[in-house]
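Notes for the one structure printed next.
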Amino acid sequence: MDTTLETPTNTLYAKEPSWLAERRSAGLDQFKNLAMPTARAEEWRFASVGKLSIDNFNPVAAPSSATLDALTERSNLVSDRAGLMVYVDDAPANFECIGRELAKQGVIYLPISEAVEQHPELMEKYFLQESTELGSQKFFGIHAATVKAGAVLYVPKGVEIEKPFVNYYWTSGSRAAVFPHTLIIAEDNSKASVVDIFFSETEENEALNISVSNIHAGVNAKVFRKVVQDWNEKTVSFQLDTTVADRDAQVKNVAVNIGAQRARFENQTRIEGAGADVKMYSLTVAEGAQEFDQRTFQTHNAPNAVSDLLYKNALLDNSRTIFSGLIKVAEGSQQTDAYQTNRNLLLDPSADANALPGLEILANDVRCSHGATTGNVDKEELFYMMQRGIPQRVAMQLMVFGFFEEVIEKIDSEELVENLRQLIHQKFSSKIS
Amino acid sequence: MKHSLEVKNLHVSIDGQAILKDFNLTVPKGEVHALMGPNGTGKSTLAKVMAGHEDYTVESGEVLLDGVNILGQEPDEISHAGLFLAFQYPMEIPGVSIANFIRAAKQARLPEGEEINAIEYYKDLYAKMDALKMDRKFTARSLNEGFSGGEKKRCEILQMAMLDPKYCVMDETDSGLDIDALRIVSEGVNHMRSEHRAFLVITHYQRLLDYIVPDVVHVMFDGRIVHSGDKELAKELESKGYDWVKEAFATASA
Ligand SMILES: Nc1ncnc2c1ncn2[C@@H]1O[C@H](COP(=O)(O)OP(=O)(O)O)[C@@H](O)[C@H]1O
Ligand SMILES: [Mg+2]
């Protein structure tokens, strides 16, 4: 990768503490030493690796203040919120900090650089300490070496916050490389909600995203993270997300994937405490020549815990999806309930959905299931709907919404649901007619 | 312009097997015609061909709506032209609520850029559901999913009432209905009877025709109408049974 930011000792990071400098330089080594993925690697099976190029994307200078203001203006999917951060090409555009009440309780919601300055011990403990191990380690390396934009949310013991923290990561400049990062630390008995939104300024600006998000959920903590990925179709995206759940923690992830030319999504969930309950829901609308490549890993290292994954993909045109999931139940993790389901709805016979569900169980008293189904639009359903006067493309859209309903209904904000429907609707009306 | 639904010399086959064989029928606006006949004789085939189902091969013939041939048009175009089909087996559409479904169907009839008035829409929907004794909570339920046979048929009539078609084809709407539901559904249909609308009521049993009294009764056998008469014909058919039809008309049609 041709990048101007290969040296973490560059002035931008000069004032950083030594632990961070070390993590950055280790990341850079990892990036340099690991080869680009190959089609032969199991972790990249079915992905069109040959077409994967990250060349000639670079971090870019901060956009004009007019652009920052305009995109802040457009950062309006969720109006009722506890805090807001907007980045454009990794440059800060807007920051609505938390109110005095939350600050008094010890809540921290800060951009990464400020969190490193003001809370070095916390950051040393959590920042860049978790990564997915599903094939994108090289890309995690360059993320660690380069990351400067992102949000840190820390919720102390017993503090419950209902309203979400909303983070927008935009791209704008020409062939911009961005490295957004969201770090969520929910201490014991706390409650937090976060929405991460990935948008492009226009349909045309080409971009590379390598983002990371880490959730740390303490004992009995409740964390709800929603992710909206609607990059333009000139974007290559890697989204590397992890969750670590302690005893009785309840974590819910809902991802809505609409955009990007190629989107690699890795999600690794580690259950480290008994009784934890982690839900992972995802819906994807793939069209044109888009490729969505989803790799997931649910690890149970403690007994009596639940992990439940449901990924639903609707595919149009020549689009492709790949779902590869693994559940691993460690020895001694008895009474585990682990589920993994991938459902694909093909709206066009030339679309291509691939599924590789997997299980590795070392405990004997567990309930696990994994499964994948791929189905076509039911012709008789379509005839029925069209008999009522509904045009074919509208009927298909209704079917897709129907197919997604069980995921959409997990989202607790009506405003966000309405805005998401609108985004999906736009994708349909612009492409099928 | 002719104000009728007219089927002329219709020949239809599926997988090379002839099903409708020179079928002819005219239902003028303002009238209710019943189409009766044994199972497998082609009644549902006729209904689906008229609605534009792509599985059937039309060998020859026409289906004219107010004088315009609709064969070859897309199902949604035929719907817009005014033909409504109440299905013998309504499809279950998971995740699509009744309210959203009917709304999409009504929206599709509006000119580009015009939005349906939500308040009036719901007023209308609730009034019609009340008339059909459907629980208003049904609006939020997925269309036909998990519905009983009777609920599905009521939901078909609800859609028919909401879309206000000129030509209503009802395929075995009475099957799966208990006597109360039959009465309610028939009332809904009778309420819609007008000089501007025609009905083709397909049924296997005479029972429905006690409630929806037809102007003309046609008997169908082996892909064509073999006998027509007034409402007394349905009673005759009921008492003599379909074997009578087979005996009386099998030779005639052979
Ligand atoms: N989709 C289909 N594929 C093959 N055969 C069909 C299909 N639909 C109907 N048929 C055949 O056509 C004939 C008429 O069926 P149908 O129209 O359903 O009769 P009815 O409604 O009068 O009971 C039957 O022999 C049936 O098996
Ligand atoms: Mg039938």
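Note: hydrogens, waters and symmetry copies are ignored here, and every other heavy atom, side chains too, is used. By convention in this document, chain letters (A, B, ...) are assigned in the order of the sequence lines, proteins followed by strands, and residues within each chain are numbered from 1.
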Practice problem: Scan side-chain atoms only and decide if A:Asp241 and A:Thr243 contain a donor-acceptor pair under the 3.5 Å cut-off. | Solution: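 Distance-only check fails for A:Asp241 and A:Thr243.
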Practice problem: Can you check whether anything in residues 115-145 of chain B gets within less than 4.5 Å of chain A, heavy-atom wise, and list it by number? | Solution: B:Leu143, B:Asn144
Self-check item: Neighbourhood of chain A inside residues 87-108 of chain B, taking heavy atoms under 4.5 Å as contact
Solution: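 The list, in residue order, reads B:Phe87, B:Pro90, B:Met91, B:Glu92, B:Ile93, B:Pro94, B:Gly95, B:Val96, B:Phe101, B:Ala104, B:Ala105, B:Ala108.
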Exercise. Report yes or no: does B:Ser79 contribute a side-chain atom to a donor-acceptor pair with the main-chain N or O of A:Gln387 at less than 3.5 Å?
Key: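 Between the backbone of A:Gln387 and the side chain of B:Ser79 there is a qualifying donor-acceptor contact (under 3.5 Å).
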Exercise. Keeping the roles fixed (side chain from B:Ser194, backbone from B:His196), state whether a donor-acceptor pair exists under 3.5 Å.
Key: yes
Quiz item: Taking NZ, NE, NH1 and NH2 as the nitrogens, is one of them in A:Arg264 or A:Asp293 under 4.0 Å from a carboxylate oxygen of the other?
Solution: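 Looking at A:Arg264 and A:Asp293, the cut-off is met.
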Practice problem: Could you tell me whether A:Arg320 and A:Glu291 have a side-chain N and a carboxylate O separated by less than 4.0 Å? | Solution: yes
Sole residue of [options] in side chain to side chain contact (heavy atoms under 4.5 Å, CB included) with [X]:
X        : options                            : value
A:Thr284 : A:Val256, A:Asn313, A:Leu315       : A:Asn313
B:Tyr167 : B:Val27, B:Ile78, B:Ile70, B:Asp66 : B:Asp66
B:Met50  : B:Leu85, B:Leu71, B:Leu200         : B:Leu200

Quiz item: Given the rule in the side chain to side chain contact (heavy atoms under 4.5 Å, CB included) test, do A:Gln294 and A:Asn257 qualify, once you have shown the distances and angles that lead to the verdict?
Solution: CA-CA 11 Å; A:Gln294 306 161 332; A:Asn257 309 298; 4.2 Å; yes
